[in-house]
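Below is one structure, written out as structure tokens; comments come after it.
In each ligand, atom 1 is the first atom listed, and ligand 1 is the first ligand listed. Fair warning: this is a prediction, and the values are worked out from it, not measured in the lab.
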Amino acid sequence: MTAQTRDVLLTCPLDCPDACRLKVTVGSDGSGPERMLKVTGDPDHPVTKGFACVKTVHYPARANHPERPLYPMRRVNPKTDAAPVFERVTWDAALDDIAARLRTLLDTRGPSSILRYTYAGTMGLMEGHHAHALFRALGTPELDETICASAGTAAWQLGYGTRYGVDPADVAHARLIVLWGINSLSTNSHLTPHLTAARKAGARIICVDPYRNRTAAFADEHLKIIPGTDAALALGVMHELFAHGWTDEAYIAEATQGIEELRQAAAEWTPERTAEITGLNADTVREFARAIGTTRPTYIRVGYGMTRHETGGTNLRAVTLIPALTGDWRQRGGGCALSSSGAFKLNRTRLGAQHLLPADVPHVNMNELASALRPEGGFGAAFLYNCNPAVVAPDSARVRAGLQRDDLLVVVLEQAMTDTARLADYVLPATTFAEHADIHTSYGHHYLSHNPATLDAPGETRPNSWVFQQLARRLGITEPSVYWTVDDLLAEVLDTDHPHLAGITPERLKAEGSVRLNLPDDFLPYAHGAETPSGKVQLSPAPTYRAPDAELNAAYPLRLLTPPAHHFLNSTYGNLGNLTRAEGGEPHVMIHPTDAAASGLSDGDYATLSSEVGQAKRRVKVTDAVQPGVAVLEGTWWGLSAPDGESINAVTAQTLTDLGGGSTFHNTRVRVERAGG
Ligand SMILES: Nc1nc2c(c(=O)[nH]1)N[C@H]1C(S)=C(S)[C@@H](COP(=O)(O)OP(=O)(O)OC[C@H]3O[C@@H](n4cnc5c(=O)[nH]c(N)nc54)[C@H](O)[C@@H]3O)O[C@H]1N2
Ligand SMILES: Nc1nc2c(c(=O)[nH]1)N[C@H]1C(S)=C(S)[C@@H](COP(=O)(O)OP(=O)(O)OC[C@H]3O[C@@H](n4cnc5c(=O)[nH]c(N)nc54)[C@H](O)[C@@H]3O)O[C@H]1N2
Ligand code: SF4
Ligand SMILES: [Mo]
């Protein structure tokens, strides 16, 4: 019996562009403490518009999950035993032992023997970004955060400098919408109402994606491109723009640099040549280019999908330069969007104690975790928080093997008993977004927000920041920023004269909860140039198309893509029965009927997927949603839900992208063969 409930407004902390403002209902049954009961969207928030996604409406089941770690736990059997056995310990016992072992490592082997590994389980500035401060104060190797956005960021940086994007509210003005390498209906679901509004006003929607995902099914037209060939398609479009005079010469003259180089690079990309490389037909290329060339405003929403290839940075850069030729940056609703994060001009000087980083600090590229965890990697301790690398990191079987080393102290700070937590020496219980205060930006819109701590921390769960401050005291750290509260951090990040933050004080942000950056209604960030060293949109060096080094061959005839699932957020929610059931109960690999026939596979069979890196066993779904030569497996499922207990990343490689040292999750070449079972 729920005796009393109340509603609070909190920002969703997950790694999703929408950064929704949620209406969270909490209450108690009278006997126990208050718990999270229900999540919907804030009806008054202009981006959230009253709905939470199909995933986060189930957040209460995650927060109240029976296997959620509520107490510090120490592993008592070898990490190589399949079933972990933990014993409950006190916080003091856990922290004293961990601090003593870190102290020994610092004194005998130095800070480079301690690995901090983290990603975006929470996007909060405090519990996400600032939590790293302890490790910066200790001088441990810097983690290059490359698993997701770094290729895209580097590509955007070359062309445009700071990452600004079209405001979602302006998308309704667009008359042509291209959803290019983004499954936005699943991964940016609060864009959908704006797409629908534009369509009602007459806009046409084209999706460019190697398979028929939800977004392709929603679009008016689907260009089923061969993976990794987007630079060719973009150059093919540019060829037509130049050939037909569909370029905006006034914009090009004022706002860009390097047009002649780009014109020459595009000259060889006739529709026929473009068709040959991309797998589309020449008339489709012509029509696509005509649509872009003759429709103002054209809005191109790019995702990270096309970046997760060897040449991913260049592919994205080529696509994002199209609006610099059409002049769409001058049109409300026109241009391109990858991320809006650059608009949040906060004072980040001491965020995460970055100011302490010595110039010669060693770096670890997080995509190379499997290598870093080999005994030769030199680490004696690994501290993991806000992440689940046993599932999400490339070459995950080697990541697991590394974490199982008995000479490596593995500490995992978690809200869920993940595959990574199951390999820990210590599991430390973390609070969720309703149980700690934090500050949130967004990479899909322009609202800054504040979450107050709403619920008492269940059991002995603690915020990341509390845990690191406790360790810092034990390790004798005196750097003040390590001990900041959320209010200290808020005062610091808002201590800036940048006009985007004019009028936004800590008091106002806390009172209003969510505040739009101080941007004009018609925010046209690249209308007259860009924040590059030249002040212009940089078209030079002109992007070129390059075939992948890992070309398909007789041994590995299929390209495997592993994009996000509709019902999970990366591996988050992968432990909830109703969401795994909605995703089909277990992971399925989609293959085309011709490829299935060639391998003697029928729908529902189990198959072994083999790559140069490893193997995974998965159930097959035969479907023409994919093209011949391409296999797709949606979702980074927990190994616990897979027939072989492994993540799909057992087959993906640590190969890095051409720009930004990024991940190449959609670049895996595989062979698919019938398996028993
Ligand atoms: N439901 C849900 N939402 C999410 C997430 C989630 O796991 N689930 N994850 C969140 C996170 S962290 C991120 S980074 C974003 C990612 O969201 P997206 O950017 O949408 O996801 P991607 O993995 O980048 O893949 C997007 C699409 O790119 C396609 N693709 C793959 N290779 C190519 C190519 O070479 N060219 C083209 N044109 N397309 C290609 C894939 O088939 C896929 O349909 O979503 C966020 N939102
Ligand atoms: N094959 C393949 N692999 C991929 C991808 C892909 O498309 N294909 N996508 C990649 C992408 S885009 C990304 S961004 C990464 C995502 O990888 P991760 O950032 O590791 O994301 P999650 O798997 O969701 O794991 C986040 C974990 O953080 C925990 N957490 C959340 N909040 C807190 C907190 O406040 N404190 C603590 N201590 N823990 C917290 C959650 O419980 C969860 O287990 O995965 C990448 N891996
Ligand atoms: S996961 Fe994304 S769409 Fe879902 S509630 Fe959170 S921010 Fe909104
Ligand atoms: Mo991501």
Side-chain angles (χ1 to χ4, degrees), residues 11-22 39-41 47-48 51-59 62-63 65 68-69 117-124 126-128 131 145-149 152 183 186-192 303-305 307-308 366-367 383-394 396 412-421 427-433 435-436 438 440 442-445 461-465 467 560-565 568-575 633-638 647-652 662-666 668:
T11 297
C12 177
L14 298 176
D15 185 358
C16 169
D18 298 14
C20 291
R21 198 69 181 159
L22 302 173
V39 172
T40 57
V47 182
T48 307
F51 74 96
C53 65
V54 291
K55 314 174 286 293
T56 294
V57 292
H58 295 290
Y59 202 98
R62 191 178 181 263
H65 196 281
R68 176 172 171 191
Y117 190 91
T118 175
Y119 201 60
T122 170
M123 299 288 283
M126 185 69 181
E127 302 307 334
E145 299 198 359
T146 49
I147 204 165
C148 174
N183 187 9
S186 293
T187 62
N188 182 194
S189 54
H190 290 77
L191 185 64
T192 312
Y304 290 98
T307 70
R308 309 212 192 288
M366 70 185 297
N367 293 319
F383 215 112
L384 300 96
Y385 54 100
N386 300 339
C387 65
N388 186 12
V391 172
V392 305
S396 58
V412 176
L413 179 51
E414 250 301 350
Q415 301 168 337
M417 208 54 211
T418 60
D419 291 18
T420 305
V427 177
L428 304 179
T431 46
T432 70
F433 74 112
E435 300 148 6
H436 55 237
D438 217 327
H440 286 274
S442 163
Y443 60 100
H445 60 67
T461 59
R462 294 290 181 269
N464 297 340
S465 52
V467 176
L560 174 70
L561 317 179
T562 57
F568 307 149
L569 198 296
N570 301 323
S571 76
T572 299
Y573 298 118
N575 57 337
L633 189 143
E634 291 180 337
T636 39
W637 293 66
W638 292 33
S647 160
I648 193 60
N649 281 315
V651 304
T652 66
S663 57
T664 53
F665 291 116
H666 304 330
T668 312

Quick check: does Asp15 get an N/O under 3.5 Å from an N/O on ligand 2? no
Give yes or no for whether the N/O distance cutoff of 3.5 Å, strictly under, is met between Glu127 and ligand 2. no
Start with the C-alpha gap between Arg62 and Thr572, add the side-chain angles, then the distance that decides, and say whether side chain to side chain contact (heavy atoms under 4.5 Å, CB included) holds. CA-CA 9 Å; Arg62 191 178 181 263; Thr572 299; 3.5 Å; yes
Contacting atoms of ligand 2, where contact means under 4.0 angstrom from a heavy atom of Asn386: 19 (O), 26 (C), 27 (C), 28 (O), 33 (C), 34 (C), 35 (O), 36 (N), 37 (C), 38 (N), 39 (N), 40 (C)
Where is the nearest protein heavy atom to atom 30 (N) of ligand 2: which residue, which atom, and how far? Gln415 OE1, 3.6 Å
Nearest non-hydrogen protein atom to atom 20 (O) of ligand 2, with distance, is Asn388 N, 2.9 Å
Hey, can you tell me if Trp637 and Phe568 have their rings parallel, tilted or perpendicular (30° and 60° cut-offs)? perpendicular
Any N/O pair Thr572/ligand 2 closer than 3.5 Å: yes
Thr431 heavy atom under 4.0 Å from ligand 2: yes
Where is the nearest protein heavy atom to atom 1 (S) of ligand 3: which residue, which atom, and how far? Thr56 OG1, 3.5 Å
For atom 23 (O) of ligand 2, which protein heavy atom lies nearest, and how many Å away is it? Ser571 OG, 2.5 Å
I'd like to know if atom 8 (Fe) of ligand 3 has an N/O/S atom from Cys20 within less than 2.8 Å of it, counting both backbone and side-chain atoms. yes
Could you give me the CA-CA distance, side-chain angles and deciding distance for Asn388 and Asn570, then say whether side chain to side chain contact (heavy atoms under 4.5 Å, CB included) is met? CA-CA 9 Å; Asn388 186 12; Asn570 301 323; over 6 Å; no
When you compare ligand 2 with Ala120, is there at least one nitrogen or oxygen pair between them that comes in under 3.5 angstrom? yes
Test of proximity, Arg62 against ligand 2: N or O pairs below 3.5 Å: yes
Taking only heavy atoms of Ala19, which atoms of ligand 3 are found under 4.0 Å from at least one of them? 7 (S)
Using distance alone, decide if ligand 2 has a nitrogen or oxygen within less than 3.5 Å of any nitrogen or oxygen in Asn649. yes
What protein heavy atom sits nearest atom 2 (Fe) of ligand 3, and how far away is it? Cys16 SG, 2.3 Å
If you measure from atom 43 (C) of ligand 2 to every heavy atom of Arg308, Glu414, His666, Met123, which option wins on shortest distance? Glu414
Ligand 2 and Leu569, any nitrogen or oxygen pair closer than 3.5 angstrom? yes
In the protein, which heavy atom is nearest to atom 7 (O) of ligand 2, and how far is it? Thr562 O, 3.1 Å
Identity of the nearest option to atom 4 (Fe) of ligand 3, non-hydrogen atoms only, from Ser186, Ser442, Cys53: Cys53
In ligand 3, which numbered atoms sit nearer than 4.0 Å to a non-hydrogen atom of Ser189? 3 (S)
Distance filter under 4.0 Å to His190 heavy atoms, resulting ligand 3 atoms: 3 (S), 8 (Fe)
Ligand 3 atoms nearer than 4.0 angstrom to some heavy atom of Lys55 are 1 (S)
